[in-house]
Number of protein chains: 2
Amino acid sequence: MTVPATAAAAASATRTGRIERVQACMAEAGVDALLLSVGPDLPYLVGYEAMPLERLTMLVLPRSGAARLVVPRLEAMRVDAAVPAEVVAWDETDDPVALVASMVAPDAVLAIGDRTWARFVVDLQGALPSASWRRGSEVIGPVRIVKDDTEIAALETAANAVDDIAVAMRGVAFAGRSEIDVHRELAERIAAAGHQRLNFAIVAAGPNAASPHHEPGSTVIRDGDLVLCDFGGTMHGYCSDITRMYSVGEPTAEVAESYAVLRAAQETGVRAAVVGATCESVDRATRSVIEAAGLGAHFVHRTGHGIGAEEHEDPYIVAGDLRPLVPGHAFSIEPGIYVSGRYGMRLEDIVVATADGPRRLNAAPRDLAIVA
Amino acid sequence: MTVPATAAAAASATRTGRIERVQACMAEAGVDALLLSVGPDLPYLVGYEAMPLERLTMLVLPRSGAARLVVPRLEAMRVDAAVPAEVVAWDETDDPVALVASMVAPDAVLAIGDRTWARFVVDLQGALPSASWRRGSEVIGPVRIVKDDTEIAALETAANAVDDIAVAMRGVAFAGRSEIDVHRELAERIAAAGHQRLNFAIVAAGPNAASPHHEPGSTVIRDGDLVLCDFGGTMHGYCSDITRMYSVGEPTAEVAESYAVLRAAQETGVRAAVVGATCESVDRATRSVIEAAGLGAHFVHRTGHGIGAEEHEDPYIVAGDLRPLVPGHAFSIEPGIYVSGRYGMRLEDIVVATADGPRRLNAAPRDLAIVA
């Protein structure tokens with residue numbers, strides 16, 4: 001084995017290794033070719049991101065042999081020479097679906113990238129009526145789910161960035177501002193911290209926080225409100241995601257007690273996330289703390305989701321998922337307590353399963369921040 | 001006919017009208033149900049936007065009768081009461097694909113929204129092996145392609161916003177800055193002008209502009225460079241998109257001559273975009289000006305694309321498209337001249353076909369701006 005001389009060589013070796021592992025999964029699953037278009041799979045595998053537009057970009061990776069990348073001619077110049085695929089450019093009046101179809105056997109078993117637009121699936125199925133179709137994640141998911149050291153470092157860099165924001169928000173005045181105003185501040189801070197993309201910045205005040213995916217709006221934050229901030233973005237291809245709670249003034253005794261339960265549940269969930277534990281068991285451990293406090297009916301969602309190139313990806317920390325955690329799994333632990341019409345709260349960190357036990361990537365204080 | 005008393009009532013009437021027209025298209029095309037998930041079709045039809053995440057949101061619209069909206073329970077609270085569909089919430093351990101499949105006949109003809117993620121297409125096809133599948137745009141496209149007065153007003157508001165930016169950039173210094181720095185300025189201006197989303201902000205200097213979809217990078221803009229700026233965003237659901245050219249100092253005689261050809265081609269294209277003309281004929285008229293100047297080989301893409309809720313949508317102004325323009329079609333006219341290794345240029349306005357002739361929505365000066 002030679003040691004890569006440069007970062008570019010290391011990236012190239014990484015891509016080659018990933019392609020080989022995906023092809024091994026294809027052989028095992030009986031998949032003849034993998035077709036990737038928009039979404040994170042393509043940059044993960046070859047370092048090129050398809051534009052989310054109507055002109056088809058599609059990688060055709062056979063079970064063995066070299067990949068081809070079908071791209072519109074006017075984007076072919078964007079494809080770096082380091083991309084490990086033969087570039088096949090198509091012209092404005094060509095039919096890219098026919099081009100892709102010509103690269104596989106008529107009765108092939110095809111796995112198609114999970115986020116590929118349905119219009120291309122329908123068109124490809126029309127061109128290949130005898131082919132059979134699987135989710136791309138069947139063969140690329142098992143590779144993506146285990147993060148290597150470089151990926152964990154990237155997740156940690158992104159986590160540190162949102163930690164800093166979560167801490168800074170403890171010194172910010174909330175009262176009298178609208179949710180959308182605080183949302184904009186978070187969005188600006190996320191960009192300023194070096195993320196290339198904002199994924200979400202939920203700001204939910206008072207009763208609004210009882211809706212876990214509340215859309216920040218014109219609601220004005222008032223004295224006494226409990227405010228949920230759940231935010232993250234994508235930095236150099238890897239995502240951040242954190243939730244912290246802010247109380248405008250001292251919380252009521254009920255909120256303080258619920259928060260203590262939430263914090264204990266989150267701590268229990270993190271500690272349960274050891275190598276070998278099933279995803280379901282981590283959900284159960286987290287949930288049992290909230291149930292024991294008589295609040296189980298108010299924890300209305302799963303405990304967490306995987307994170308990496310996507311903000312939500314495998315593994316999901318949810319009942320029914322019996323997969324055991326392995327070193328390199330990265331995921332959120334984010335229990336919540338939602339009391340309709342009154343308040344809501346959630347506490348979220350990103351955690352990596354390691355041979356030495358669960359490792360939190362987020363380090364911002366987890367107590368209920370008292371703000372003005 | 002009653003006159004709607006409020007904006008909400010007007011919006012409701014608009015949605016009802018759209019649903020009726022889509023259902024008429026479904027009857028004509030023999031489609032039993034339309035399934036819509038992520039992307040612009042769903043907000044266009046019912047005023048709700050699906051979160052682009054792994055939890056399935058799907059509208060099931062039968063050919064006749066009322067629509068149902070399948071949503072994750074933790075997002076059900078986001079659905080406004082004005083959404084004209086029965087909300088069917090699913091819990092974290094439910095199977096939303098089975099739920100959708102149960103709402104249609106096993107052998108149904110189904111049209112699925114163009115941007116629906118492939119993973120859901122594959123899963124639905126597994127649950128409904130006897131169903132047949134079409135593109136959603138087959139039945140919603142004919143409705144979306146004709147913009148009403150409210151939509152044209154929204155496109156004009158967005159066009160005015162980027163016009164102002166294009167004008168402001170004429171007073172900005174380019175030399176010595178990187179493309180990505182100018183890109184960031186455009187992105188900030190697009191947000192500040194009231195767009196909720198940046199769609200793209202291409203900045204391509206000197207030879208980089210010969211790549212039509214160049215990714216702005218670290219290239220430093222130098223004296224004498226010709227700089228292409230193509231930018232737009234989404235404002236209240238409708239898109240802006242404009243391209244203007246900036247020359248750092250006086251252009252060479254060759255660039256000035258090519259630009260004169262480009263401007264004449266764009267003007268000819270706009271004038272050709274009359275009701276009844278085919279999309280292909282507008283492309284031909286535009287292209288012929290560039291061909292007559294001996295530069296035809298350097299115009300490597302179609303003349304334009306439709307615009308509305310999506311930055312690129314039907315109708316496409318391209319050879320082979322024999323559809324005639326009708327009042328309410330909105331599209332770009334954007335010829336380009338790309339000389340590999342040396343320079344590139346493009347000039348783009350959004351145009352609406354009307355009974356009174358083509359109407360430009362952009363009004364920013366079209367001459368080659370000389371900047372510092």
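All of these numbers come straight from a predicted model, not from anything done at the bench. Within every chain, numbering begins at 1; the chains are lettered A, B, ... in the order of the sequence lines, protein sequences first and strands thereafter.
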key: A:Arg302 side chain near B:Arg55 side chain, heavy-atom distance below 4.5 Å   = yes

key: A:Glu138, part contacting chain B, at a heavy-atom distance under 4.5 Å   = neither

ask   = What part of B:Gln125 lies closer than 4.5 angstrom to a heavy atom of chain A: side chain, backbone, both or neither?
value = side chain

task = Give the intermediate values and the outcome of side chain to side chain contact (heavy atoms under 4.5 Å, CB included) for residues A:Glu311 and B:Leu53.
result = CA-CA 8 Å; A:Glu311 59 265 54; B:Leu53 290 171; 3.8 Å; yes

message = Taking side chain as everything from C-beta outward and backbone as N, CA, C, O, which of these in B:Thr93 sits under 4.5 Å from a heavy atom of chain A? Side chain, backbone, both or neither.
response = side chain

Value rounded to 0.5 Å, distance of CZ in B:Arg73 from NE2 in A:His213 = 15.0 Å

request  = Compare every heavy atom of B:Gly113 with every heavy atom of A:Ala118, then report the nearest pair and how far apart it is.
outcome  = CB-O, 3.3 Å

ask   = Is it the backbone or the side chain of B:Ala210 that comes under 4.5 Å from a heavy atom of chain A, or both, or neither?
value = backbone

key: Closest-packed option against chain A by number of heavy-atom pairs under 4.5 Å, given B:Val318, B:Val300, B:Val38, B:Asp123   = B:Asp123

ask   = Between A:Arg78 and B:His214, is any pair of side-chain heavy atoms under 4.5 Å apart?
value = no

inquiry  = To the nearest 0.5 Å, what is the distance between CE on A:Met77 and OG on B:Ser340?
reply    = 7.0 Å

remark   = Rounding to 0.5 Å, atoms CG (B:Leu74) and OH (A:Tyr338) come to a distance of 7.5 Å

task = Would you check, one step at a time, whether the test side-chain hydrogen bond (donor to acceptor under 3.5 Å, both in side chains) holds for B:Glu92 with A:His301?
result = CA-CA 6 Å; B:Glu92 291 285 75; A:His301 56 69; 5.0 Å; no

ask   = Which bit of A:Asp91 is near chain B, if near means a heavy-atom gap under 4.5 Å: side chain, backbone, both or neither?
value = neither

ask   = For A:Glu54 and B:His312, does a side-chain donor sit closer than 3.5 Å to a side-chain acceptor?
value = yes

request  = Quick one: pull up CD in B:Glu188 and CD in A:Glu188 and give me the separation to the nearest 0.5 Å.
outcome  = 9.0 Å

query = What part of A:Ala76 is in contact with chain B, defined as an atom under 4.5 angstrom from a non-hydrogen atom: side chain, backbone, both or neither?
reply = neither

query = With distance as the sole test, does B:Arg135 use its side chain to make a donor-acceptor pair with the main-chain N or O of A:Val122 at under 3.5 Å?
reply = no

remark   = Looking only at A:Tyr316, A:Phe200, A:Trp133, most heavy-atom pairs under 4.5 Å shared with chain B are made by A:Tyr316

